[in-house]
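Here's the structure we're looking at; comments come further down.
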Amino acid sequence: MMNRTFETDREKVLDGVLSVESILEYFLQRIASENGRINAFIDVDTGAREAARRVDVSLAEGTDLPLAGMIVGVKDVLAREGKPLSCASNMLAGFTSVFTATAVERLEAQGAVVIGRTNCDEFAMGSSNENSIHGPARNPHDTDRVCGGSSGGSAAAVAAGLCHVALGSDTGGSVRQPAAFCGTIGLKPTYGRISRSGLVAFASSLDCVGPIANTVGDVAAAMQFMAGHDPKDATSSVNEVPNYRGGLPDPGTLRVGIPNEYFADDLPTSILRAVEQSKGRLKEAGVEFDEVSLPNTPLGVSTYYILACAEASSNLARYDGVRYGSRSSVSQTDEANGIADFYARNRTAGFGEEVKRRLMLGTYVLSAGYYDKYYARAQAARRLIKNDFDKVFESVDVLLTPVTPTTAYPIGTRKDRVLETYQEDIFTVTANLAGIPAISVPIGTDDEGLPVGVQLLSHHFNERSLLALAGELLSESNKR
Ligand code: GLN
């Protein structure tokens, strides 16, 4: 089945051939028939039909709504006013948001309709969507396998044709890795390009909102309206938003580097083959290639996990059962032994195992006596990684690498292999540490028919070159 795209549906809406409501109905039916199998959506938005009707009325009145017809899934870490928000955690069970995330608000303002909340790992911590109180979302290509994470439900929903676009968040690969596992496109923009207001904080210096879709055009359409300065996020960039939807650089003018640190000897041939194929396609389009080096890449995973856990331990301190988060029944029925005990009981009951592991790790690396040894050193390593990128982008425009060291693995097989799973983030975390944009593009399948992706990275605010090359990789002539 070919998934519907916003690009083609939009034209039909503008021609008056399709109503937004009918497009929404189509996707609601898709969810009704397919979601039981893949668990990508955790709910369907009760207000979606009404929102779609409102867009149809506005269009009939002549209002220009460039995203009319776009049906969007929203990862359950983005706030929407009056709607539940759980971060796939017991801690926020029953919580309702009082405001809407800027990224979502901006899409809705242009006519997009939110169809529901997508599954994810608890507080976006994970790579397989198995750390979710809603149960794992499953890979549409093989439902015994993971769909990746943490934005697993978003990628699975798009891959299964349950919405045009889904929003994810990417702190260390959570948009790109599930996109690769599910055979969709995922863009992690430059840090600060899209406002984080309303995105539940995991690691604030790394968190980015990013779109997942089946075509470069749909990714670009969502980016176009989400990007831009927002007074509600002090780290959002004031740089002008360029045109992502047209006038992209000619691939023939771009130089692409292949960083040798991203190609360990034990990478599966399917992944090496995808990179080789991509290189071949881009060469045909006139792209020139260079071998380059990013020598500090091996520091990426440990640096990321120290910094991400440290920031998480601070960000998630607010969930104590008083300011935010649920109170455990134990702390209500049984006299708690002081306030610290009261917090501890609520946090013990509310958080899942992986979140607790990270909060303890984060608290440890920030504690007096260890701060210099871990946190300060990780900050220094982050600088080295960023310097590596700055240096290579003096000679090349874009880098081509794998996204993941494996394709989608069977659900339940990584449970006791925590560190190994962390290691598998090696190709994605560096972009977050450096704040640069990166895109995951689906390139064929492995011998078992599972999707394989490649990653393109560029310097700050150069999403346009990523979209141009992704478009080239996915152009009709290349779909053989
Ligand atoms: N897999 C990484 C982690 O578990 C990335 C998570 C993310 O980007 N939100 O931290």
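In this text, all values refer to a predicted model and were calculated from it rather than measured experimentally. Atoms within each ligand, like the ligands themselves, are counted from 1 in listed order.
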Distance flag, aromatic centroids of His460 and Phe393, threshold under 6.0 Å: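 For Phe393 and His460, the ring centres are not under 6.0 Å apart.
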
Contact with ligand 1 for Tyr422, non-hydrogen, under 4.0 angstrom: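 The answer is no, since Tyr422 has no heavy atom less than 4.0 Å from ligand 1.
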
Going by heavy atoms, is Ala308 under 4.0 Å from ligand 1?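 No, that is not the case, since the closest heavy atom of the residue is not under 4.0 Å from the ligand.
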
With no hydrogens and no angle check, just 3.5 Å: does a side-chain donor-acceptor pair link His134 and Ser86?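 Result is yes, a qualifying pair exists.
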
Checking contacts here: is it the side chain or the backbone of Glu424 that comes within 4.0 Å of ligand 1, counting heavy atoms only? Could be both or neither.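 For Glu424, no heavy atom sits under 4.0 Å from ligand 1.
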
Side chains of Tyr409 and Ser128, heavy atoms from C-beta outward: is any pair under 4.5 Å?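 In contact.
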
Any N/O of [X] closer than 3.5 Å to an N/O of ligand 1?
X	value
Gly126	yes
Phe202	no
Gly172	yes
Asp170	no

[atom]: which protein heavy atom is closest, and how many Å away?
atom	answer
atom 2 (C) of ligand 1	Asp425 OD2, 3.2 Å
atom 4 (O) of ligand 1	Arg358 NH2, 2.8 Å
atom 1 (N) of ligand 1	Ser127 OG, 2.8 Å
atom 5 (C) of ligand 1	Tyr304 OH, 3.4 Å
atom 7 (C) of ligand 1	Ser174 OG, 2.4 Å

Please identify which atoms of ligand 1 are closer than 4.0 Å to at least one heavy atom of [X].
X	value
Gly173	8 (O)
Tyr305	1 (N), 2 (C), 3 (C), 4 (O), 10 (O)
Ala124	6 (C), 7 (C), 9 (N)
Ser150	9 (N)

Start with the C-alpha gap between Glu276 and Arg273, add the side-chain angles, then the distance that decides, and say whether salt bridge (charged side-chain N to carboxylate O under 4.0 Å, His left out) holds. CA-CA 5 Å; Glu276 275 312 308; Arg273 205 167 50 216; over 6 Å; no

If only atom types and distance count, is the side chain of Thr404 paired as donor or acceptor with the main-chain N or O of Gln177 below 3.5 Å?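 Side chain of Thr404 to backbone of Gln177: no pair is present.
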
Look only at the side chain of Asn315 and the backbone of Phe202, and say whether a donor-acceptor pair between them is shorter than 3.5 Å.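 Judged by distance alone, yes, a pair lies under 3.5 Å.
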
Could you check whether atom CD of Glu353 has more than 12 heavy atoms from other residues, nucleotides or ligands sitting under 6.0 Å from it?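 No - once you tally the heavy atoms of other residues, nucleotides and ligands closer than 6.0 Å, there are 12 at most.
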
Do Glu130 and Arg414 sit within salt-bridge range, that is, some charged N less than 4.0 Å from a carboxylate O?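 Salt bridge between Glu130 and Arg414, a charged N being under 4.0 Å from a carboxylate O: no.
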
Would you sort out whether Lys83 and Asp43 count as a salt bridge (charged side-chain N to carboxylate O under 4.0 Å, His left out), showing the intermediate values? CA-CA 11 Å; Lys83 309 283 182 201; Asp43 69 11; over 6 Å; no

For the residue pair Phe351 and Phe123, categorise the inter-ring angle as parallel (less than 30°), tilted (30 to 60°) or perpendicular (more than 60°).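 Answer is perpendicular, since the angle exceeds 60°.
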
